[in-house]
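The structure appears below as structure tokens.
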Amino acid sequence: MPELPEVETVRRGLHKLIIGRSIASAISDNPGSFPNAQAQIDAFLIGSRVTDVRRRAKVLMIDLSTDYSLVVHLKMTGQLVFRGETDFGAGHPTDSLIGELPDRSTHVTITFTDGTHLFFNDQRKFGWMKLLPTAEVGDLPFMRRVGPEPLEDDFTLRQFIDRFSRRPRTSIKAALLDQTVIAGVGNIYADESLWGAHIHPKRLVQTITDDEFAALYREVREVMNLSIEKGGSTAKNYVNAEGKRGSYMDFARVFRREGQECPRCGTTIVKFKAAGRGTHICPICQQL
DNA sequence: CACTTGACCTGTCCGC
DNA sequence: TGCGGACAGGTCAAGT
């Protein structure tokens, strides 16, 4: 699922819902989803209190009073859903994609001392949750290599261009998806921002002009900010911390809209493969 | 070294 | 209806 806007939406939800709660128990049915040893879980998770919920790139960090953090990557189909005691059972809102929890894709269940729950669901099991000392999160190989946060106020066009210049001979779409160039862009927002900037995804980075970089910089930020405003994109099974869908797909201009009209020029949107991913463009607005 | 492809899993959809 | 294959929001390791 989740790219930067979806992970940020989950972060905001969890920030509101779980800070201050203390963890009573944690159970997992799949070692790949939560690989920590039981002794470590008992020592640093059970009995701890949630102090903060942060995000870096597409990674969530749930900070604990033990100076450990639960580091979570949702990958393609991960969900982190909070359920209060009174939500148990029937009566879920219609904008929810999921019913009673746990269900068959629940791989970790965390129970707080007040009887509320946090469920880690993941249909494809690519995602993971790891408990490690908060001070060591930055030492993870991914964290060391990941690029700057594109939505930060101090992230400049100059930085944007400099980061892409590291990969001159790859396609602009592959570079956008490369988390070491800039953080947080995935397949949806790569297609959306390239359309906004009138750039064909297969253009090589070294052929992109400064004006085009300026347009792309603006689009990446606008598109992802708009998506956060809309609660992210639910293309398939993304849900926020309350189990509800995001509505950005209603505003998407090309992503998963093959066969429909380009909102700018009316040309039929086409889909093909680029950078190994399904890719959507307007063949008139975006030319090689 | 730089870049691309396959693998990790499960579910769904589409064509035969 | 059943079955095989392609495809799905991400990232790494292995391959070229």
Side-chain angles (χ1 to χ4, degrees), chain A residues 1-10 28-35 55-60 71-80 97-98 103-108 120-130 140-147 163-194 201-207 220 223-224 227-228 230-240 245-252 254-259 271-280:
Chain A
M1 77 176 197
E3 308 179 27
L4 187 154
E6 289 73 34
V7 180
E8 176 61 18
T9 301
V10 172
S28 171
D29 72 338
N30 178 41
S33 299
F34 190 18
R55 177 189 61 77
R56 173 78 171 99
K58 300 172 189 171
V59 177
L60 280 168
V71 183
V72 187
H73 201 308
L74 301 171
K75 293 287 182 84
M76 300 282 259
T77 55
Q79 305 171 325
L80 270 181
L97 271 179
I98 49 182
D103 64 22
R104 66 178 159 168
S105 69
T106 300
H107 299 302
V108 184
F120 178 47
N121 276 20
D122 189 9
Q123 180 180 103
R124 290 173 73 178
K125 299 183 183 170
F126 291 170
W128 45 258
M129 164 179 293
K130 289 172 189 161
L140 291 172
F142 176 87
M143 291 297 192
R144 301 189 78 93
R145 297 171 41 223
V146 71
R163 300 295 298 183
F164 279 89
S165 312
R166 297 150 46 107
R167 311 289 306 281
R169 300 181 56 81
T170 195
S171 70
I172 188 66
K173 176 153 180 176
L176 268 173
L177 294 173
D178 183 344
Q179 300 298 295
T180 71
V181 176
I182 58 169
V185 179
N187 206 34
I188 298 174
Y189 304 109
D191 282 6
E192 290 292 296
S193 55
L194 286 167
K202 290 191 172 177
R203 293 266 307 280
L204 294 191
V205 171
Q206 62 187 358
T207 71
V220 164
V223 158
M224 292 207 293
S227 183
I228 291 170
K230 301 301 176 190
S233 296
T234 299
K236 188 151 176 78
N237 59 14
Y238 162 73
V239 293
N240 68 15
R245 336 169 38 107
S247 68
Y248 178 83
M249 287 304 287
D250 297 342
F251 301 84
V254 287
F255 190 78
R256 295 213 179 163
R257 293 193 182 277
E258 63 271 29
K271 180 178 180 182
F272 55 91
K273 192 152 283 213
R277 315 293 300 276
T279 298
H280 313 74

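Chain identifiers are assigned alphabetically (A, B, ...) following the order of the sequence lines, protein sequences preceding nucleic acid strands; residue numbering begins at 1 within each chain. As a basis for the values below, the full set of heavy atoms in this structure was taken, side chains included, without hydrogen atoms, waters or symmetry mates.
- The shortest distance between the side-chain N/O atoms of A/Arg167 and the OP1/OP2 oxygens of B/dC3 is below 4.0 Å.
- Considering only side-chain N and O atoms, A/Arg104 lies under 4.0 angstrom from the phosphate OP1 or OP2 of B/dG11.
- The backbone N or O of A/Arg124 sits less than 3.5 Å from a side-chain atom of A/Thr77, completing a donor-acceptor pair.
- Note on A/Gly186: only backbone sugar-phosphate atoms sit closer than 4.0 angstrom, heavy atoms only; bases stay farther off.
- Among C/dA8, B/dT4, C/dG10, the nucleotide with an atom closest to any side-chain atom of A/Ala174 is B/dT4.
- When the nucleotides B/dC3, C/dC12, C/dG10 are ranked by their closest atom to the side chain of A/His73, C/dG10 comes out on top.
- When the P atom is used for both C/dT11 and B/dC1, the distance is 23 Å, rounded to whole Å.
- Between B/dC3, C/dG10, C/dC12, one nucleotide has an atom nearer to the side chain of A/Phe142 than all others, and that is C/dC12.
- Counting any heavy atom pair closer than 4.0 Å across all strands shown, A/Phe255 reaches sugar-phosphate atoms only and no base atom.
- Closest approach to the A/Thr170 side chain among B/dT4, C/dG10, C/dA8 is made by B/dT4 (side chain taken as heavy atoms from C-beta onward).
- Rounded to a whole Å, the CD1 atom of A/Ile182 is 16 Å from the C1' atom of C/dT11.
- Between A/Lys75 atom NZ and B/dA7 atom P there is a gap of 16 Å when expressed in whole angstrom units.
- Judged by ring centres under 5.5 Å apart and planes tilted less than 30 degrees, A/Phe126 fails to stack against the six-membered base ring of C/dT11.
- Residue contacts for A/Gly32: at a heavy-atom cut-off of 4.0 Å it reaches no nucleic acid atom on any strand shown.
- Pairing for C/dG5 is with B/dC13, a Watson-Crick or G-U wobble pair whose two hydrogen-bonding atom distances lie under 3.5 Å.
- Heavy-atom distances to DNA chain C give each of A/Pro141 and A/Ser233 a nearest nucleotide, and the one nearer the 5′ end belongs to A/Ser233.
- Side-chain polar atoms of A/Asp122 and A/His107 form no donor-acceptor pair below 3.5 angstrom.
- B/dA7 and C/dG5 are spaced 15 Å apart, taking the P atom of each and rounding to whole Å.
- Put simply, the residue from A/Val239, A/Asn237, A/Thr106 that forms a side-chain contact (heavy atoms from CB on, under 4.5 Å) with A/Ile98 is A/Val239.
- For the pair A/Glu258 CD and C/dA8 P, the computed distance is 9 Å after rounding to whole Å.
- A donor-acceptor pair under 3.5 Å is absent between the side-chain atoms of A/Ser233 and the main chain of A/Tyr248, judged by distance alone.
- The side chain of A/Thr77 places no N or O atom within less than 4.0 Å of a non-bridging phosphate oxygen (OP1 or OP2) of B/dG11.
- Computed from coordinates, the A/Leu4 CG to C/dT11 C1' distance equals 16 Å when rounded to whole Å.
- Counted by atom type alone, A/Glu3 and A/Tyr238 present zero donor-acceptor pairs between their side chains at under 3.5 Å.
- Rounded to an integer number of Å, the gap from A/Gln123 CD to B/dG11 P is 6 Å.
- Distance A/Asp122 CG to C/dG10 P: 13 Å, rounded to the nearest Å.
- Between the P atom of B/dC3 and the NZ atom of A/Lys173 lies a distance of 18 Å, rounded to the nearest Å.
- Atom pair A/Leu177:CG and C/dG10:P shows a separation of 7 Å (rounding to whole Å applied).
- Note: A/His73 and A/Phe142 have perpendicular aromatic rings, judged against thresholds of 30 and 60 degrees for the angle between ring planes.
- Between the CE atom of A/Met129 and the CG atom of A/Leu60 there is a distance of 9.0 Å, given to the nearest 0.5 Å.
- For a distance-only test at 3.5 Å, the side chain of A/Arg277 fails to qualify as a donor-acceptor partner of the base of C/dA8.
- Neither OP1 nor OP2 of C/dG10 sits under 4.0 Å from any side-chain N or O of A/Gln179.
- An OP1 or OP2 oxygen of B/dC8 is reached within less than 4.0 angstrom by no side-chain nitrogen or oxygen of A/Lys125.
- Considering only side-chain N and O atoms, A/Lys273 lies nowhere under 4.0 angstrom from the phosphate OP1 or OP2 of B/dT5.
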